[in-house]
Number of protein chains: 2
Amino acid sequence: MLDYPLLAALAAVIRTGSFERAARQLHVTPSAVSQRVKLLEERLGTVLVVRGQPCTGTAAGQRLCQHVEQVVLLESELRGTLPGLSPADGPVTLRIAVNADSLATWFVAAMAEVPSCLFDLVLDDQDHSAEWLRKGEVLAAVTASAAPVPGCNSHPLGALRYRATASPGYMRRHFADGVTAESLAGAPCLTFNRKDRLQIQWLRLVLSDPDPARIPTPPTHWLPSTHAFVDGALAGLGWGMNPDPLVADHLAAGRLVELLPGRPLDVPLYWQQSRISGAALAELSRAVLRAGRQALHAADGDEREDGSAESPSAR
Amino acid sequence: MLDYPLLAALAAVIRTGSFERAARQLHVTPSAVSQRVKLLEERLGTVLVVRGQPCTGTAAGQRLCQHVEQVVLLESELRGTLPGLSPADGPVTLRIAVNADSLATWFVAAMAEVPSCLFDLVLDDQDHSAEWLRKGEVLAAVTASAAPVPGCNSHPLGALRYRATASPGYMRRHFADGVTAESLAGAPCLTFNRKDRLQIQWLRLVLSDPDPARIPTPPTHWLPSTHAFVDGALAGLGWGMNPDPLVADHLAAGRLVELLPGRPLDVPLYWQQSRISGAALAELSRAVLRAGRQALHAADGDEREDGSAESPSAR
DNA sequence: AACATGGATTAGCCCCGCTTCATCGGAGGA
DNA sequence: TCCTCCGATGAAGCGGGGCTAATCCATGTT
C-alpha cells in the first residue's frame, strides 16, 4: 500500500494552495508538511508541487491528488456502512463541473439540500466537462452536451429556457421598425465567451433561414459573467440570451422586454455522474434531479421549440 | 484519512487466513500483525477477526477488508498512469465470481492471458453472484442470469452448449426401447446441486409438453463437481447435461452418446463487471470476451434451441 | 501427558516524523 | 535600491509509535 500520510499532505497542499493552510488542515506545522511532500518527491524522483501563489500540482502531483480523493470518497462510503469508524477529518468535497448559467439559476438549490458535504465547482465554459469526467477529475457534471461520456450514468435534467432580451430603450433605438434580419444585423448583442453560440442559434431559429450565410452576425460585446450578462441587457448595452429564471422579474416589471415575445430557446441539460463512487453521490444526484425538474422545463418544452438538431452548448 | 498500515494488516489476515502468513506477506513478525489488528479493534470497539483455522473476518472486518482491496485496485490504476511510483507489494488480486462449468471449460484460458494479476475465484453455485456484485464483494462475474446488476456493465458472452449424455451401456440398459417420457421417468440422472435445473429444462425442451406436471422427475444422483459429473456419465451412473467442450472427445470416441443427438441446450452467459475500477479489469475483460467468443456459441445458436424464456441457471 | 501449533502478551529498543527555531528567497512598497 | 514581510525550507533534537524478541497460553494431536 502507498504511504497515505505523505499523500494526504500532498493533496492538502494542492487543494488548499499553500503549505501553511495544508498544515492547519492536517493539524501539524508547515515544516512537517514540507518534509512530507519533499520525501514524496524524493522517493518518486519528480517534482509534485509547483511552489507559488498559490501552490499547484504538476501533472504527477495532480494525478496523485486525484487518487487520494478517490480513496477519501471510498472512505466516506465505508463510513456509511460502518459507523463509528473514526471521526471523519472533514466532510467530503465533491468536485462537480457545472455550466455557468445552471450555477447562476438552479444549481445552488440542489447543493443546499446536501449540507453534509462540500463542493468544489468547476465551470465548464471551455467545454472540458466531458474530458474532466473521462479523466475522473470531476465526479459528475451538469452539461449541455448529451454526448454520453463512456462509463457514466447520464440523466436528462430538463431544459434551461433562454429568452432573447433587451432593455426597452435599446429596443426603441435599434428595433423601432421591428425585429428583422436587417435590424438584427446592426444591433449589438452580448456574447458570454467564444464558445457561446446561443445568440446565433436563436437567430437561426427565429429567422428560420436554412442558409447559414444569410444569418446576420451582429457586433458583439463579450461578457463572461452570467449576472453581468443580465446587467448588460438592463443597461442597454445590447441584447442577449438570458436564462428565464434570471430575467422573469425584469420582464414582468418592464425593465427588460423580449425581442420576440414567446420565442424562447430551450437548452436541454444532462446530469452525468462518473461510475466511481455511486453511493457518495447518490444523495446529491437525487437533489440535482429534483431541483432540475423543478426549475427546468421537461424535455418536451411546453411552450415551443428547443435547440434543434445541433445540440446547443450552454454556458 | 484512515490508518492504512493497520488496515493492510487486517486485510492480510483475513485474506491469508492466519496472522503468520499475513506477517510473511507484510515482511514483519506475527506479533506486529497481531498488535496492529488489536489496535484497530480497540479503536473501533469491535471484533474484526474471528480467530480460528483459518482466521476469518467478522462482518465489520470483511467490510474493511473490502475497502482496502478497493483502494489497492485504485492504486494499481494509479501505477498504470504513474510508473515508478513504488514497487507494488504484490500483484493485484481480482475476485471474480464464475459458474463452475465455465471454470471447467473456457475461463482459465482467459485468465492465462492476464498473467499480470492474481485471481480469487468464487463459485456462484448458490446464485449469489448478483448479490456479490451488488455488494462489491466481487469485481466481476460470469453469470448465467441476464438480470443486470444495477450499475454494472453487462456483456453477453455467448452460450455454453450442454449435451444430454450417457454411456452406451447405460443407454442399452435404460433406453433400449427409445428415449421416451416413460423411459426417462425411470432412468437415473445426474444433478449438480439443488440449484441445477439443466436436466429438467432439457426434458421440458425435448418433450415440448407445456404441462409441467407431465415432465418426468427421474431419480437422481447429486454430483457437485463438473468433472465428477462427466465421470459419472462415463461410469454409467446416469445421464446428465454436460458442457460440450468436456464431452466432445468422449462423444467422438463413442465412450459417451447423446440421448437425443443434435438436441443440445444452450445457456447464454454474461460478463458483468462492477463500475468500480474499470481500467484494472479492462485487460481481463478483453481476454474474457475473446475467450468467450472462441469457446462459446454466438447468442443465436447455429444448431438450434436455447434456454427458452425462463433464463437457465448455469452451474 | 507431553508436545506441537499458532495467536497474545510484554519488555525494550530503535527509528521515524514531529516541533522548534533559524534561514532563505521572492514579492511588494517606500 | 533597499527594506520588510510572508511563506517555504533546513537543522537539531525530542518523543512516541511500532517493531522485534522472548515468553505465555489455549487448543488439539499423538
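Values in this document were obtained by computation on a predicted structure and should not be read as measured data.
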Candidates [options] - which lies nearest the side chain of [X]:
X	options	value
Arg36(A)	dA8(D), dC18(C), dG17(C)	dC18(C)
Ser18(A)	dT20(D), dA8(D), dG18(D)	dA8(D)
Ser34(B)	dC19(D), dT9(C), dG7(D)	dT9(C)
Lys38(A)	dG10(D), dT9(C), dT19(C)	dG10(D)

Let me know the distance between [atom1] of [X] and [atom2] of [N], rounded to the nearest Å.
X	N	atom1	atom2	answer
Glu20(A)	dT19(C)	CD	P	14 Å
Leu48(A)	dA8(D)	CG	C1'	16 Å
Arg24(B)	dT5(C)	CZ	P	13 Å
His27(B)	dG18(D)	NE2	C1'	18 Å
Arg51(B)	dC25(D)	CZ	P	18 Å
Tyr4(B)	dG18(D)	OH	P	16 Å
Asp3(A)	dC18(C)	CG	C1'	14 Å
Phe19(B)	dA8(C)	CZ	C1'	9 Å

**OP:** On DNA chain D, check which nucleotide each of Ser31(A) and Leu6(B) is closest to and give me the residue with the more 5' one.
**Re:**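 The residue whose closest nucleotide sits nearer the 5' end is Ser31(A).
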
Subject >> Which residue lies more 5' along DNA chain D, comparing Gln35(A) with Cys55(A) via nearest heavy atoms >> reply: Cys55(A)

**OP:** For the residue pair Thr226(B) and Asp101(B), confirm or rule out a side-chain donor-acceptor distance under 3.5 Å.
**Re:** yes

Subject >> Exercise: do Gln35(A) and Ser31(A) side chains pair donor with acceptor under 3.5 Å >> reply: yes

Subject >> Gln273(B) and Ser285(B): CA distance, side-chain angles, deciding distance, side-chain hydrogen bond (donor to acceptor under 3.5 Å, both in side chains) verdict >> reply: CA-CA 8 Å; Gln273(B) 61 181 73; Ser285(B) 278; 2.3 Å; yes

Original post:
Which heavy atom of Ala23(B) sits nearest a heavy atom of Thr29(B), and at what distance?
Top reply: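 Smallest interatomic distance, heavy atoms only, reads CB-C, 3.5 Å.
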
Subject >> Backbone of Ala141(A) reached by a side-chain donor or acceptor of Gln272(A) within 3.5 Å >> reply: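 No, the answer is negative, given that no donor and acceptor are paired below the 3.5 Å cut-off.
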
